[in-house]
Structure formats: C-alpha cells, structure tokens
Amino acid sequence: VTLDVVRGPQTKQLLVAWNGNRNVSVADLEALVAPQRAESAAWLDLETVAWQVRQLYASRGHQQAKVTVGEPAFQDSGATLPITIEEGVLSRLIGVQLDGVDPARRPGATQALGLSIGEPFAASAPVEATRRLKAFYTGLGYRRATVAHTRTTARDGSVSIAWTVKEGPLYRVKDVNVVGAETTRDGLVRKAIVLQPGDAMSQGALDTTRRNLYDIGSFRRVDFDFGDSAIQSSGPGELPLTLTIQAEELRRFQLKYGVQFSVDRSTGKGGGTALGGSVELRDRNFIGRAVQASLGAHWDPDLQIVGLL
C-alpha cells in the first residue's frame, strides 16, 4: 500500500469566530482560550474550550447554553475556527423559602444565603448558598446543623428554591481541657484560649483559639475534640460538652554541629592544614515561654582558642 501525503501550507495562527453570543462579550470568551494560546498559537483543545464556554454561561444564569464547534476554514498560513453558541433562556431567582429556622435566627440565615430575588441564577448558586448557611450555623455553635435544598425551574427559566434546616443542639462549653502542652507554661496556654465555660462553641472562637496557640510558637499541631462522638441525640436545645484541645509541641531541643577544615598555602611549599569545629544546643521552649535560647562552642584552629556562643 502506498500513501501519498500532501502536507499543504503550515498553519501558524488559529483565530476563533464567535457566533450567537449576546450576553457574554467576545473579550470574555477570548480570555478563556488565552491560556492555551500561550502554549500554541495554532492549536486549541476544542473539548476543553466548549466545556469552559458552557461553564461560563452557567455561572451567569444560562444553564442550558449549547456550544457547537465547526470545521476550521484555512487560508494561507491562518485558520478560522467557528464556534456557535445557543445561549438559551436566562434563569432568574423568583422565590426563596427557609423551613426549620428559628425566628430569632431567620434574618441572619436569610442574609447568609446571599441571594437576591430577580438576579440571574448561576448553576453554582445552590451549593455556595448551602455552604454559607452551614457556616452561619457553625459560627453560632450549632455544629450539627444540616442543610438541604430543593429547586424548581419553570420553562421560562425562573427558579424557586427551598431550604430545609435542622438546627440541632447548640454546643456550649462545659469545661476546657488541654492535652499535649507538656513544656509550655499553663498561663500562656490559658491566655490563648478565648472559650470559657458557658460560651457557645462558635467556629470563630475556635479559629481564634487555634491561631493564638500557634502564635505562641511552641506548637506544631492544634486540634479540637468536642466529645460528642458517642452522643446520638441531635434535637434542639443546648448540649454542654467538655472541649478538649489536643496540642502537639515542636521538638524542644535542637543540636547543631559543624566541622571546619582549612588549608594554608601562604607559608611556602609545605603549607599547613587545620581542623576546627563548632557545636550548638538550642532550646526552642526555654522555661516554657516559647523563647529560644542556645549554648554553643567554637574551636578556631588559627587562633587556637575555644569560644562560647
């Protein structure tokens, strides 16, 4: 079998002709293919481009947009790739419902959703709103709150969405125990803990406590145990629990040593050699205050002295 291949002209540049885009500018579409153009001016991963265009439209409310990539048209050393977009209907939010939320927390929960009636409804909006609502409850101390949603989309693209919330119990601090702070002074640790008995176990207070403990400088890991793993009830009300802070300290002592070898050829034929060294012992949690202190010695062969560091 003999195959004759006609190479034809070499394509050095691939242009994209966008068609059908009304609500997304050409500049925004070109920004999608810019990273690929940085690698090659004459080639594009068409499946990736089509997927990125659909995702861009979905993020702006066109959740049923269709993208069709045509055959490129060649002329001399250039080629034009036609990409046709059918935007479809624009989805807009027309209704939000919250079930299971205590009236005292309803304004905050509604604000946490971050949704506005009449605005274009992005495909990712339900997931992001659910995450924000869950964070709202965790921030208050409702660590077992569950959030679910159902969405109804009409033929004209209008969207109604309902959230069902099970708030669960309010976690409240009964006592605070610290495990693993073996050499760090208890006063430093207690000062870093902002949660006190009677406080709600809010996520903000936990994050602040973790940050304060890390700022001491003697801990490499800080975790929290709420002691709720064996508790089955998740009903409303308050749940007093002992908060256990599990900390792991950095390795306290660090030993450094070095060897120095020198050659002196300035004295003539034979020259001379000398061997020296140094050693240092560092305490990274001196007297439990997360202060570094060190003691070392250095032997200098040229001066023939021993020095303390």
Side chains of Thr152 and Ser160: is there a donor and an acceptor less than 3.5 Å apart? no

Apply side-chain contact (heavy atoms from CB on, under 4.5 Å) to the pair Phe121 and Ile161, showing each step before the final yes or no. CA-CA 11 Å; Phe121 190 76; Ile161 189 164; 4.3 Å; yes

Less than 4.0 Å between a side-chain N and a carboxylate O, is that true for Arg22 and Glu87? yes

Could you grab the distance from atom OG of Ser91 to atom CG of Asp156, nearest 0.5 Å is fine? 9.0 Å

Within-4.5 Å side-chain heavy-atom neighbours: Val24 and Leu29: yes

Distance in Å, Thr48 OG1 paired with Trp51 CH2, rounded so as to fall on 0.5 Å steps: 8.5 Å

Within the side chain of Ser59, is there an N or O that forms a donor-acceptor pair under 3.5 Å with the backbone of Leu56? yes

Contact check, side chains of Arg144 and Lys166, non-hydrogen atoms, under 4.5 Å: no

Residues, nucleotides or ligands: over 12 heavy atoms within 6.0 Å of Glu248 CD: yes

Please name the pair of heavy atoms, one in Ala129 and one in Leu113, separated by the smallest distance, quoted to 0.1 Å. CB-O, 3.6 Å

Sub-4.5 Å side-chain heavy-atom contact between Leu243 and Asn177: no

Which of parallel (below 30°), tilted (30 to 60°) and perpendicular (above 60°) describes Tyr171 and Phe226? perpendicular

Check against side-chain contact (heavy atoms from CB on, under 4.5 Å), Ile117 and Glu119: CA-CA 6 Å; Ile117 301 298; Glu119 293 295 321; over 6 Å; no

Just by distance, do the side chain of Gln64 and the backbone of Val89 share a donor-acceptor pair under 3.5 Å? no

Could you tell me whether a side-chain N or O of Arg172 sits under 3.5 Å from a main-chain N or O of Gly198, the two making a donor and an acceptor? yes

Worked verdict on Thr184 versus Ser218 for side chain to side chain donor-acceptor pair (under 3.5 Å): CA-CA 7 Å; Thr184 305; Ser218 60; 2.9 Å; yes

Atom pair CD/CG of Glu39 and Leu44 - distance to nearest 0.5 Å: 10.5 Å

Could you go through the side-chain contact (heavy atoms from CB on, under 4.5 Å) check for Arg210 and Asp207 one step at a time? CA-CA 5 Å; Arg210 177 183 278 113; Asp207 291 340; 3.9 Å; yes

Between Gln13 and Ser77, does any side-chain donor sit less than 3.5 Å from a side-chain acceptor? no

Rounded to the nearest 0.5 Å, how far apart are CG of Leu188 and CD1 of Ile193? 11.0 Å

What's the shortest heavy-atom distance between Leu32 and Gln52, and which atoms? O-OE1, 3.4 Å

Which atom of Pro197 lies closest to which atom of Lys174, heavy atoms considered: CB-O, 3.7 Å

Would you say Tyr142 and Arg105 are linked by a side-chain donor-acceptor pair, where the criterion is simply a distance under 3.5 Å? yes

Check for me, please, whether Val33 and Leu46 land in the same ILVMFWY cluster - side-chain distances under 4.5 Å, paths through other members count. yes

Taking every heavy atom of Gly78 against every heavy atom of Thr11, the minimum-distance pair comes out as C-CG2, 4.3 Å

Assess the residue pair Arg60 and Asp28 against the criterion (salt bridge (Lys or Arg N to Asp or Glu O under 4.0 Å)); give the C-alpha distance rounded to whole Å, side-chain angles, the decisive distance to 0.1 Å, and a yes or no. CA-CA 12 Å; Arg60 300 189 180 184; Asp28 289 344; 3.1 Å; yes

So Val53 and Gln55, do their side chains get closer than 4.5 Å, heavy atoms only? no

Are Phe224 and Leu239 connected, step by step, through hydrophobic side chains (Ile, Leu, Val, Met, Phe, Trp, Tyr) whose heavy atoms are closer than 4.5 Å? yes

Just by distance, with hydrogens left out, do Trp43 and Gln36 show a side-chain donor and acceptor under 3.5 Å apart? no

Are Val159 and Ile94 connected in the hydrophobic side-chain network, where two residues link if heavy atoms are under 4.5 Å apart? no

Hydrophobic clustering (ILVMFWY, side-chain heavy atoms < 4.5 Å, transitive) - are Leu206 and Val194 grouped together? no

Does Arg190 reach the side chain of Val176, with side-chain heavy atoms less than 4.5 Å apart? yes

Within 6.0 Å of NZ in Lys134, more than 12 heavy atoms from elsewhere: yes

Above 12 or not: heavy atoms from other molecules or residues under 6.0 Å from CD of Gln246? yes

From Asn21 atom CG to Ile83 atom CD1, the distance as rounded to the nearest 0.5 Å: 10.5 Å

Sidechain-backbone polar pair: Asn212 side chain, Ala192 backbone, donor-acceptor under 3.5 Å: yes

Let me confirm one number: the CG-CG distance from Leu140 to Asp102, rounded to the nearest 0.5 Å. 11.0 Å

Determine whether Glu30 and Val16 satisfy the following criterion, side-chain contact (heavy atoms from CB on, under 4.5 Å), listing intermediate values before the conclusion. CA-CA 8 Å; Glu30 284 291 336; Val16 178; 4.1 Å; yes

Could you report the tightest heavy-atom contact between Arg220 and Glu249, atom names first, then the distance? CD-O, 3.6 Å

Less than 4.5 Å apart, any side-chain heavy atom of Phe219 and any of Val189? yes

With hydrophobic residues grouped by side-chain heavy-atom distances under 4.5 Å, do Val67 and Tyr57 end up in a single group? yes

Is the backbone N or O of Gln63 less than 3.5 Å from a side-chain atom of Arg54, with the two atoms forming a donor-acceptor pair by type? no

Pro126 versus Arg151, closest heavy-atom pair with distance: CG-NH1, 4.1 Å

Within-4.5 Å side-chain heavy-atom neighbours: Val173 and Gln196: no

Using modelled atom types and a 3.5 Å cut-off, is there a donor and acceptor pairing between side-chain atoms of Arg106 and backbone atoms of Leu98? yes

Beyond-backbone contact of Arg211 with Leu213, side-chain heavy atoms, under 4.5 angstrom: no

